[in-house]
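Protein chains get the first letters and strands the later ones, always in sequence-line order, with residue 1 at the start of each. Atoms considered below: every heavy atom in the structure, side chains included; atoms not considered: hydrogens, waters and symmetry mates.
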Amino acid sequence: MTRKHYIYCYRSGCGRRRQPTHVSSLDALELAVRNKFGGKGHPYGLKYPEKQELLGALLEGLAGARRAAELPDSDYLYRICNVEDFIYNTQYPLSLSDLNEPDLSTKVWGILHTESNGQWRPVPGGSGKQYAGCGKISWWTDLPLPLDIVTSGLKIGMCTNWLIDRSILMRCKVSHIRASRLAYVPTILDAFCQMIFHPRHESKNPSSGTAIDLSRPGPLSTGASEFILYPIDCGQLEFLPISIPSDMKKDYKEHHDNHQKLLGKLLDYYADISAS
Amino acid sequence: MTDDKNPPQGEKPHDEMNDDDYSIEGVAEDTAAVITELIESPSVTLWKLELQHVVNGGRDEQLFRAGNAGAYIRTLWAEMGDEADARAMFHEALNEFIQEWTPWAGENASVLSNILSLIGAFTPPVGFTKIAGYFTYGDWSHLKAVPHVGMGVELDLQLKALATLRSYYRVAPVDDSKAAFKTYLRILRQNLARPQYFGFAASQLLALGQIKTDDAIFAEGLKRWPHSLHEIIPPLLSPHYRETAQYDLGKIYSYCMPVESQAFRIFEEVVQSRGGVISRDSQPVIRDGIVDDYWEPEPIILLADGGKIEVNLSHEQMIEYVESRETTGVSQFGAEMLAEQGKRINEFITQYIDTHWYSGHEISLKPLREELYVRGVKLQINRDMGLGYIHFLETNQTAPLELPKATFDTLLGVLYTPKRNIHKRMLYKVA
């Protein structure tokens, strides 16, 4: 068995104990992984259509079962994503040939960067369209990501190879999210296909999710707050193209998602919280 | 053997695994081990193996994270000790990999999409030859692929292949007699006859200075396939083409007339989708004591970056344009219909102000103006007389602006208050 498979096992046990209301759904997902996607023994390498097939309907059906999050007093929630995620899921107005550009993260990022001129910009023609990811949710944080993007990314549980050299930051006003009741506490089902997730005790009525901080040396610990958001009106979003060159990550060579040391630290983390 | 419901308790399972994360049978089958080996000891052979995985779907999760194959490769470079060495080996591996590839019509769509992504991102010399060579006897217009990220999006792989060739010639080369560039131009010209690809081909040939907006082939294609405006207009709105845009956009504007045609509607849609507005009037004029915007027929495209492009029409085109504006084909409103239209607009404005302009919320006139423009109206307000009118742009008729007093006061407050004081005024909004 591989480290990732052990991580999956520990996460499963830990998740069941901490979020018992989702056990039956977790059973169904784990059975599907074994029967249909059983090759690797865990869901951490599924393709997007497979994740959508596995989780899409389930996560959409969870709408009434998630706990509403209590939002912080900060002005914005933030998200970092790649260019494709931003372009396709906001239906950004691009020509067909630009949408079919073989390397969107170079040419189209360049266009966005020029249009943005280093400033936060609204999504053109955004009003009336909605932004969401797999299962009609997306992951956000109140940690101000633009400040030291690499460290911030690690604090929200992102591996260095997930911080793409040409990325897009998004932000949405907390006041809008609060008024539209879009923010929820992430569940173990939302994070089923994600290797890095801290399951909170539902009995303690958490007000938000908490990420795993990958930025510190030594054992892993909890990190910044994280939230699930339901589909957001793109007219309420602003974006900022951001460059993350490789030398910004040079101090974090062991923080990519296949590095044995990181996998070992994750395994230790989940083993420790499994006991509590 | 552990199962999902009973993970190992107490002692962690490290002793059951070696550092290379082999399975019990001793075969390295986990992606982590393969990628780690590449990062720690890159070689041309390992890069070619990795390219196989990328192309054949073995790295779809990584591509999902990165967005596309090119971005994924760059993440690997960033993890490697000697990035320069890693890049050199990668390029050698990619060139060999593509040399060994045989394009064909029965290619798996996902595989082809990944190959095109790699070629487009890194432009290996042999990549152009492979694609252009295939186009001498085949095409991929029957193939569609779904990107790694994005819901409900489908990529046309013929268009993606054309866009991949574009990666080699975004501008004309210094020596435009090069055989490859001539081949590219030939491919583009061939695609001028295809409705799905006319827009792309025309746009590229314009950018490369190989055709002009005056050319008959351009004008005829555009009139025949007005949806191609979605491809042709956006580059002309870019700051890079501002010098020539005035002439080219004017030509295209004239081809799209009359204003009630589908082509004109698409022209406006594309400009608006890029954050621009086609302004058909400019200076305000006072008539009978009432402020009234004076409609001037010369259209100006106002751009999101603050730029302006004057659409200079010829005298004949101007006459045609003005005549078409005066008789748009929409019949003048009868009195009853005018009242009904006015009532609907009044209701819309009331609802908009009550919903969006409240204490603590950032207030801006621009969204309201845009919403009204989309509905074909403008507002005319006379503060001194406390009167307002709804001006219908298509028919040039007006209806009275009749809002609840508090809403009208709010509107006046926003219209006539310096921007910095808007929030302060809103705190004292009349109930």
Sidechain N-carboxylate O distance under 4.0 Å for B:Glu40, A:Lys261: no

Applying a strict 4.5 Å limit to non-hydrogen atoms, the region of A:Ser167 in contact with chain B is neither

Please determine which of B:Glu83, B:Arg74, B:Glu79 meets the side-chain contact (heavy atoms from CB on, under 4.5 Å) test together with A:Ser246. B:Glu83

Do the side chains of A:Pro102 and B:Ile119 get nearer than 4.5 Å, heavy atoms only? no

Quick check on A:Lys107 against chain B: is it the side chain, the backbone, both or neither that has a heavy atom closer than 4.5 Å? side chain

Region of A:Leu163 in contact with chain B, defined by heavy-atom distances below 4.5 Å: neither

Check each atom of B:Arg59 against the heavy atoms of chain A and say whether the ones under 4.5 Å are side chain, backbone, both or neither. neither

Quick check on B:Leu116 against chain A: is it the side chain, the backbone, both or neither that has a heavy atom closer than 4.5 Å? backbone

Test item: B:Asp156 and A:Leu96 side chains (from C-beta on) under 4.5 Å apart, heavy atoms: no

To the closest 0.5 Å, what do you measure between OH (B:Tyr72) and CG (A:Asn161)? 8.0 Å

Distance-only, no hydrogens or angles: does the B:Thr36 side chain make a donor-acceptor pair with backbone N or O of A:Asn258 under 3.5 Å? yes

Side chain from CB out, backbone as N, CA, C, O: work out which of these in B:Gln272 comes under 4.5 Å of a heavy atom of chain A, or both, or neither. neither

